[in-house]
Amino acid sequence: MNTYRHFHVDGQLRPSTGTNSITLVSPVTEQPVGELLSCSKADVDAAIASAHRCLPRWASSSIEQRERALRALQAAIVKRTDRIVESLVVEVGVPVWVGRSMQVPMPLANLDAIIEGLHQVTWEEQIRTSRVVREPVGVVAAITPWNYPLHQIVAKVAGAIGAGCPTVLKASEIAPGAAQLFMEAVAEADLPPGLVNMVWGGADVGEWLVADPRIDIVSFTGSGTVARRILASAAGSLKRVALELGGKSAALILDDADLDAAVPAIVRRCMNNSGQACVAQSRLLTPRHLQQEVADRITAALQEWTLGDPADDNTRLGPVASLRQFDGINHHIGAALDAGATLLAGGVGRAYGFERGYFIAPTVFTDVDRTMALGCEEVFGPVLAVMPYDGDEDGIDLANATPYGLSGAVWSANGTRAMNAARRMRTGQVILNGAPPNPASPFGGVGQSGFGRENGRFSIEAFLEFKSIQQ
C-alpha cells in the first residue's frame, strides 16, 4: 500500500492537514492499493504563497538558468522511468509496454522541445517606436488528469519554468504515484524553493486554487464539466484560463487510401491506453462501399489487442482506470446497441474470461450514423465507431459533425487531396497517413475541446504576457 500524506511547498515535504482520505483502488483486482490524504485550504494557501514569493526571483532569471533547470529536471525524470511505469501499472492499469513506449518517452520528448523552444520564443522585438517584450504572466495553477499524468504535468510545469513562472500543481488524486515521482525529480534538480509546489485532493482543492486572486492563470486538462466550473470560478478575479478538454476524433479514410496501412493504425490510435486518451481516433469514417472491407480488416487488426494483466510485458490492453470509467463506457456501449448500431466486436460488461477488474473488451460498432450518441459523444474507452459516408464532401462534413475539435486524421494515396481535406477539418491537429507525433508543434483544440496550446515553445508562450514600451 502506497500512502500519500504530504504536499510539496517551498522545496519541502509537509504533512497534509486535510481530513478527507481517498482510497486508491487497483483496476485489476478492485482491491485497495493506496491511500491519499487531501490538502486543507491552509495547505493550498501555503503552496500559493510559496509560489508568489518565488515569482520575482524566477521572473528575472535568464534563459540560460531556465535551460539548466529544465535539463536537470529531465535527467532526474529519466532516472525514475521504471518507478513511474510501475506506479501507472498499479494505480491506473496502464500496460508496461504503454508506460515504456509512451507514458514516459512522450513527456521527455516534450521537455526536449520545450528546451529548444526557449531559443525560439521572440522575447523582445522592435515594432515601429515600441519595444515589445514578453514577460511571465505570474503564478500558474496547473490542474492535470490521470490518463497521461506525467505528460500533462511536464507540458504545463516545464512550460511555466521556461516562461519564468512558478507553479502550484494539483495532480490527479487517481494517479498520484507519477506526480510524487515528478516532485522527487524536482527536488533532485535543485530547483529554487517555491518554483514548483504540489497539492492533493478533490474538487474542493481545485476550487480553492482557481478562485485565489494570487493565481494569475489556470491551465487545466480534463472534462468539459469541470472546465465550466473552472471558468465560472476564475471569472471572480478575471484570470486567464487555458483548457485542454475532450475529443471525438475522426479518422477519415478516402477512397484511394492504403487500407493495409490505415486500418491497423486507426485501431491502434483508438485502443492505445484502453482508449483513455483525448486524441483517441474513436470514429473511423469510411466510404460506404468500403465499409465491409474495412470491417473485415478491423476484425483482423483486433487480434493483437489482447487483454490481460498490465504488469505482463505481453499484454497489449489493460483494464480501464476505475469503476466510474467502467460504468460510463458500458453505458455508452449499451446506448449504441439500443440505437441500432451493429456490434462487430466486444460488447457490454466485463470482458469474457475475467472474473474481476475493470476489463472491457475492444469494442467496435459499424453502421453508426451522426444521429447516434456514439457518433458524436466522447466515450473515453476502447470503443470504435465505424461511420460510412457518401463522397468526399459528406465525409468532411461528417468529420466536423461533433462539438469537439481536438485531433483527426486523413488517409489518402494523394498527398494534395489529403492536405486539402485536412485543411477543411475543424480541429486543432490533423495526422496525415499515420505521420508520427511532433512534440514541438502546438497541441490544443477548438469548440468543446477547449482553447490554448501546449508543447514545445507553445507551452512557454502559454504563460507569457506582452508589454509595449513606447520610445
Side-chain angles (χ1 to χ4, degrees), residues 63 66-67 70-71 74 77 101-123 134 140 142 144-145 147-163 217 219-221 242-252 265-266 268-270 272-273 277-282 399-400 404-412 415-416 418-464:
I63 300 304
R66 298 174 194 180
E67 180 173 349
L70 290 172
R71 290 197 183 280
Q74 185 180 45
I77 291 172
S101 65
M102 298 176 66
Q103 291 274 3
V104 178
M106 280 172 52
L108 291 175
N110 197 9
L111 253 171
D112 277 333
I114 291 170
I115 291 168
E116 183 181 322
L118 283 168
H119 305 284
Q120 297 172 336
V121 173
T122 302
W123 294 99
R134 289 186 172 186
V140 176
T144 58
N147 60 325
Y148 282 90
L150 182 63
H151 178 64
Q152 289 297 331
I153 289 170
V154 166
K156 299 180 192 305
V157 175
I161 291 171
I217 184 170
S219 181
F220 168 75
T221 297
L243 304 174
E244 196 271 279
L245 309 177
K248 190 68 178 177
S249 300
L252 176 61
I266 295 167
R268 181 173 64 253
R269 289 180 183 261
C270 177
N272 264 341
N273 210 48
C278 53
V279 296
Q281 292 177 12
S282 55
N400 291 330
Y404 297 103
L406 186 59
S407 186
V410 179
W411 289 84
S412 172
T416 300
M419 180 63 76
N420 288 339
R423 291 184 184 279
R424 296 178 62 191
M425 291 175 71
R426 189 173 180 269
T427 184
Q429 170 183 275
V430 184
I431 301 165
L432 301 186
N433 292 319
N438 177 5
S441 66
F443 179 77
V446 299
Q448 291 191 22
S449 290
F451 43 81
R453 295 295 183 266
E454 294 179 331
N455 286 1
R457 71 176 173 88
F458 303 95
S459 279
I460 299 171
E461 291 178 342
F463 303 121
L464 296 175

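The model shown is predicted, which means the values in this text are computed figures rather than measured ones.
Under a cutoff of 6.0 Å and an axis angle of 45°, Arg66 and Trp123 form a cation-pi pair.
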Go through the steps to decide whether Thr221 and Tyr148 satisfy the test side-chain contact (heavy atoms from CB on, under 4.5 Å), and finish with yes or no. CA-CA 10 Å; Thr221 297; Tyr148 282 90; over 6 Å; no

Apply side-chain contact (heavy atoms from CB on, under 4.5 Å) to Asn273 and Gln103, showing your working. CA-CA 9 Å; Asn273 210 48; Gln103 291 274 3; 3.3 Å; yes

One pair to check against side-chain hydrogen bond (donor to acceptor under 3.5 Å, both in side chains): Gln74 and Asp112. What are the steps and the verdict? CA-CA 8 Å; Gln74 185 180 45; Asp112 277 333; 3.0 Å; yes

side-chain contact (heavy atoms from CB on, under 4.5 Å) for Val121 and Arg134? Distances and angles first, verdict last. CA-CA 9 Å; Val121 173; Arg134 289 186 172 186; 4.0 Å; yes

Stepwise side-chain contact (heavy atoms from CB on, under 4.5 Å) check, Gln281 with Ile431: CA-CA 10 Å; Gln281 292 177 12; Ile431 301 165; 3.9 Å; yes

Under the salt bridge (Lys or Arg N to Asp or Glu O under 4.0 Å) rule, what do Glu116 and Arg457 come out as? Steps first, then yes or no, please. CA-CA 7 Å; Glu116 183 181 322; Arg457 71 176 173 88; over 6 Å; no

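Between the side chain of Ser459 and the main chain of Lys156, no donor-acceptor pair closer than 3.5 Å is present. With Ser449 contributing its side chain and Gly445 its backbone, the two residues share no donor-acceptor pair below 3.5 Å. The backbone N or O of Leu406 sits less than 3.5 Å from a side-chain atom of Thr427, completing a donor-acceptor pair. Asn420 contributes no side-chain N or O that, together with a main-chain N or O of Gly415, makes up a donor-acceptor pair within less than 3.5 Å.
Among all heavy-atom pairs drawn from Ala421 and Leu252, the shortest one is CB-CD2, 4.4 Å. Here the closest heavy-atom approach between residue Met425 and residue Ala399 is recorded as CE-CB, 4.0 Å. When every heavy atom of Asn147 is checked against every heavy atom of Ala277, the shortest pair comes out as ND2-CA, 3.8 Å. Nearest approach of Gly428 to Arg453, heavy atoms of both residues: CA-NH2, 4.1 Å. Residue Ala418 comes nearest to Ser412 through the heavy atom pair CB-CB, 4.0 Å, listed as atom of the first residue, atom of the second, then distance. Ser249 and Cys278 get closest at one heavy-atom pair: OG-O, 4.3 Å.
At a threshold of 4.5 Å between non-hydrogen side-chain atoms, the residues Pro439 and Met106 do not count as touching.
For the residue pair Gln429 / Ser407, a side-chain donor-acceptor distance below 3.5 Å is found, with atom types taken as modelled. Asn110 and Glu454 share no donor-acceptor pair across their side chains, judged by distance under 3.5 Å alone.
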